[in-house]
Amino acid sequence: MAGLRLDPCLAYSEDMPRSRPLLRTLTAAILAVAAVWAAWGFSAADTYEVQPGDTLHEIARLLQVDVSVIMALNTDIESPNQIYAGQQLRIPDNASPLPSSGAAATTLTGAVYSGGSALSYDIQPGDTLSAIAAEFDTTIDALLALNPVIEANPDRIPIGYTLLIRAPDPSNNAAQESSASGRDRDGGSPALTAGTQARELGSTSTHTIEYTVQPNEYASSIAEAHGITLDLLRQRNPSSNLDVIHPGQVLLIPVPDYRVAAIDPTDTTTGLTDTYIVRPGDYASEIASRFEIPLAELRQLNVTVDLSTIYIGQRLVVPWIGSASDAPTGTVPAVEVRRRMHRVQPGDTFASVAALYGLSMDDLRGLNPLRPSDLLVIGERLILPGVINPQVVSETRTLWEADLVQYAAASLGVTPRTLIANYPSLNDGDWMSAGSSWQLPLREGRLVTVQPGDTLQSIANAHGADIWDILSDPANGVDDSNALVIGQELIIPFSSPNFAWPASGEITDPFGLCRSWDCSYRHRGLDVALDLWEPIDAAADGVVSFVGGDPGSGLGWYVEVDHGDGWTTIYAHLIEFAVWQGQIVSQGDLLGYNGSTGYSTGPHLHFEVQHDGWYIDPLVVLPR
């Protein structure tokens with residue numbers, strides 16, 4: 001036994017029974033000192049609010065204390081991996097001071113980790129890990145190693161989450177500069193391209209709304225109702241203890257833009273500019289062209305950006321193109337193809353519009369690739385599948401018999417004014433050949449074909465027309481003054497009275513009928529068979545310009561009404577008058593009674609329409 005060495009704390013001695021009172025006294029003293037130290041530790045503790053991206057180990061390292069010390073001061077922490085943003089931690093007041101913005105800053109400020117210096121970065125809408133890794137010259141594996149919380153699901157990082165990123169080695173700066181993207185080794189012109197491929201995720205843009213807690217609600221149920229995680233709700237409300245919420249408390253809720261109701265244009269803050277996120281393969285010059293501005297203007301909008309080395313995910317300032325409805329009436333140039341559009345209404349969301357047309361949100365995003373987010377503005381237009389073909393406003397008509405312009409026009413169903421306006425080489429007295437074809441408008445007016453660069457206002461100005469006359473004419477079918485299509489036809493309408501039939505009866509002699517053997521005398525009106533004393537009404541508003549005639553020859557007794565702008569009508573072979581010269585009449589007013597005076601083979605109305613000295617076929621201007 002002499003060579004055996006025993007631990008004095010475990011070895012048994014015959015004197016041990018005598019030492020037990022001393023051991024009890026020593027133990028009591030130690031416990032008392034421990035209690036005093038613990039009481040001092042708690043009473044002397046400060047508090048620290050956990051920031052997004054903080055870890056307990058990082059806080060302990062910055063405080064230069066062990067994690068167990070912090071857990072001892074915060075008995076509610078069961079695991080060092082279960083702290084959350086906004087949580088209040090008790091920390092020793094004699095520890096090293098923490099940065100004012102927390103262990104992990106919320107901007108690109110210096111931080112440290114066990115392997116050296118680091119940066120922190122807030123996740124932005126549209127970010128991907130691959131793009132972030134490329135931007136900071138690191139790898140996805142390195143990001144996951146520094147941020148183990150996201151390793152389980154790296155494709156679903158919430159916006160606003162703070163990533164720790166290894167700071168670049170200063171010794172590599174020269175190498176990085178020498179291999180800057182897009183520059184020719186020989187010093188040639190830079191290639192204005194993003195140049196790097198990255199896997200794109202769906203839209204993750206969010207819009208923050210205020211939500212008032214209702215009775216019997218929990219933070220978890222509120223998060224679930226709004227389609228977000230509890231952790232994201234905690235990050236957006238760092239000063240609130242979501243373990244204990246109360247009715248009436250206001251929480252900030254990050255709602256995906258596709259679920260946010262369209263906002264009023266006056267509430268937008270983008271003004272006349274918008275944000276464009278650079279996509280794989282983008283060129284700065286192509287982006288400028290897409291927004292219809294010169295590259296120099298794009299540079300002016302982004303004075304702090306080197307457009308020769310743009311990268312995927314980079315945000316550029318571009319002109320606002322959210323909606324052509326923002327442009328004044330008739331000022332948007334014609335396009336090659338008019339796409340089907342949905343005009344955003346109050347209450348619309350990106351998701352509801354997609355569902356309305358049987359589309360997925362990704363489909364709708366693909367059709368509208370320039371949108372920076374899914375947030376809608378009332379009045380803007382979303383592109384839908386398919387195109388809208390312009391309304392047909394003309395047709396080809398064939399003249400089957402040769403005739404003079406005045407009567408050929410009647411055969412073609414137009415007035416001489418419309419025929420000559422569309423074919424200005426024609427003159428009064430010209431003969432038009434049989435079998436000839438003529439492209440003519442479906443109503444009185446001049447056909448115009450929309451050319452590249454045309455706007456509705458420029459077309460109206462060029463032809464001395466009022467833009468509202470073009471828009472209000474149903475024959476044109478223009479439902480959007482800023483949606484003209486190149487090659488589309490429009491009718492510049494001619495003004496004319498709104499004629500009505502002066503009487504109802506059978507047409508016995510049409511307009512243009514030959515009344516002589518050589519057709520030198522033609523029927524210049526329309527004959528309608530009527531009984532004696534049937535009332536004859538004014539075909540349109542006007543002033544009675546003549547009442548009288550010769551009951552024994554020609555038109556007999558007749559009334560002439562002047563309708564203005566060179567338009568007149570004649571009502572002949574009357575038996576009695578009901579108006580006097582100079583009287584103002586309205587459409588439908590009684591002018592006289594039908595008879596058979598003058599050169600007449602029986603009771604009938606001879607009705608003429610004239611315009612600027614031309615005789616017009618009444619059937620061209622009367623309702624059919």
Side-chain angles (χ1 to χ4, degrees), residues 262-268 270-276 287-294 297-298 301 318-346 348 350 353 356-357 364-372 375-394 441-443 445-493:
I263 61 177
D264 190 277
T266 58
D267 294 334
T268 60
T270 54
L272 297 177
T273 62
D274 204 345
T275 301
Y276 175 76
I287 295 172
S289 176
R290 191 177 301 164
F291 287 88
E292 299 181 351
I293 60 173
E297 184 174 338
L298 186 63
L301 289 172
V318 294
W320 167 256
I321 61 166
S323 172
S325 63
D326 295 334
T329 301
T331 59
V332 175
V335 296
E336 293 185 1
V337 177
R338 181 183 178 189
R339 305 293 299 272
R340 290 180 63 230
M341 298 278 189
H342 172 83
R343 181 163 181 153
V344 175
Q345 305 296 318
D348 278 352
F350 196 87
V353 173
L356 178 64
Y357 296 98
L364 192 55
R365 292 185 187 112
L367 291 165
N368 299 269
L370 299 182
R371 296 184 53 77
L375 190 65
L376 300 182
V377 178
I378 296 171
E380 74 169 297
R381 289 170 171 79
L382 294 177
I383 298 175
L384 302 174
V387 299
I388 299 176
N389 295 318
Q391 181 168 315
V392 176
V393 300
S394 70
L442 297 181
R443 62 144 293 165
R446 179 185 293 110
L447 274 179
V448 174
T449 301
V450 177
Q451 303 297 322
D454 278 352
T455 67
L456 192 62
Q457 187 64 66
S458 69
I459 292 173
N461 293 343
H463 296 278
D466 189 321
I467 189 174
W468 297 108
D469 290 338
I470 301 175
L471 284 172
S472 62
D473 193 330
N476 278 316
V478 178
D479 58 355
D480 187 339
S481 66
N482 289 322
L484 296 186
V485 178
I486 297 171
Q488 176 181 358
E489 287 184 334
L490 296 174
I491 301 174
I492 307 298

Check your understanding: Hey, is Asp479 close enough to Arg338 for a salt bridge, meaning N to O under 4.0 Å?
Key -> yes

**Study point:** Check against side-chain contact (heavy atoms from CB on, under 4.5 Å), Ile378 and Asp348
**Key:** CA-CA 8 Å; Ile378 296 171; Asp348 278 352; over 6 Å; no

Study note, to complete from the structure: Residues Val478 and Gln488: closest non-hydrogen pair is CG2-NE2, 4.4 Å

Donor-acceptor pairs under 3.5 angstrom involving side-chain atoms of residues 445-456: please list them, not counting sequence neighbours.
residue : atom : partner : partner atom : Å
Gln451  : NE2  : Thr449  : O            : 3.2
Asp454  : OD2  : Gln451  : N            : 2.8
Thr455  : OG1  : Gly330  : O            : 3.3
Thr455  : OG1  : Ser458  : N            : 3.0
Thr455  : OG1  : Ser458  : OG           : 3.2

Point to revise | Side-chain heavy-atom pair Val337, Val485 within 4.5 angstrom cut-off | key: no

Point to revise | Minimal non-hydrogen separation, Arg339 against Ile388, with atom names | key: O-CD1, 4.1 Å

Practice item. Could you grab the distance from atom NE2 of His342 to atom CG of Asn368, nearest 0.5 Å is fine? Key: 11.0 Å

Revision key, fill the gap. Rounded to the nearest 0.5 angstrom, the CD1-CD1 distance for Ile467 and Ile459 is 9.0 Å

Review point. To the nearest 0.5 Å, what is the distance between CZ (Phe350) and CG (Leu382)?
Key: 6.5 Å

Practice item. Measure the shortest side-chain to side-chain distance between Leu490 and Val393 over non-hydrogen atoms and say whether it is less than 4.5 angstrom. Key: no

Practice item. Could you note down all residue pairs passing side-chain hydrogen bond (donor to acceptor under 3.5 Å, both in side chains) where residues 461-473 supplies at least one of them, sequence neighbours left out? Key: Arg443-Asp473, Gln457-Asn461

Practice item. For Asn389, enumerate each residue passing the side chain to side chain donor-acceptor pair (under 3.5 Å) test, keeping only those at least two apart in sequence or located in another chain. Key: none

Check your understanding: Atom CG of Leu471 and atom CG of Asn476: how far apart are they, to the nearest 0.5 Å?
Key -> 8.5 Å

Point to revise | Separation between CG of Leu367 and CZ of Arg340, rounded to the nearest 0.5 Å | key: 10.0 Å

Practice item. In plain terms, say whether Arg381 and Asp480 are close enough for a salt bridge, that is, a side-chain N and a carboxylate O under 4.0 Å apart. Key: yes

Check your understanding: Does the side-chain contact (heavy atoms from CB on, under 4.5 Å) test come out yes or no for Thr329 and Asn482, once each step is laid out?
Key -> CA-CA 7 Å; Thr329 301; Asn482 289 322; 5.6 Å; no

Check your understanding: Which heavy-atom pair separates Pro493 from Ile470 by the least distance, and what is that distance?
Key -> CD-CG1, 4.2 Å

Practice item. Measure the CD1-CG distance between Ile491 and Leu442 for me, rounded to the nearest 0.5 Å. Key: 5.5 Å

Review point. Is there a donor-acceptor contact under 3.5 Å from the side chain of Gln391 to the main chain of Ala475?
Key: yes

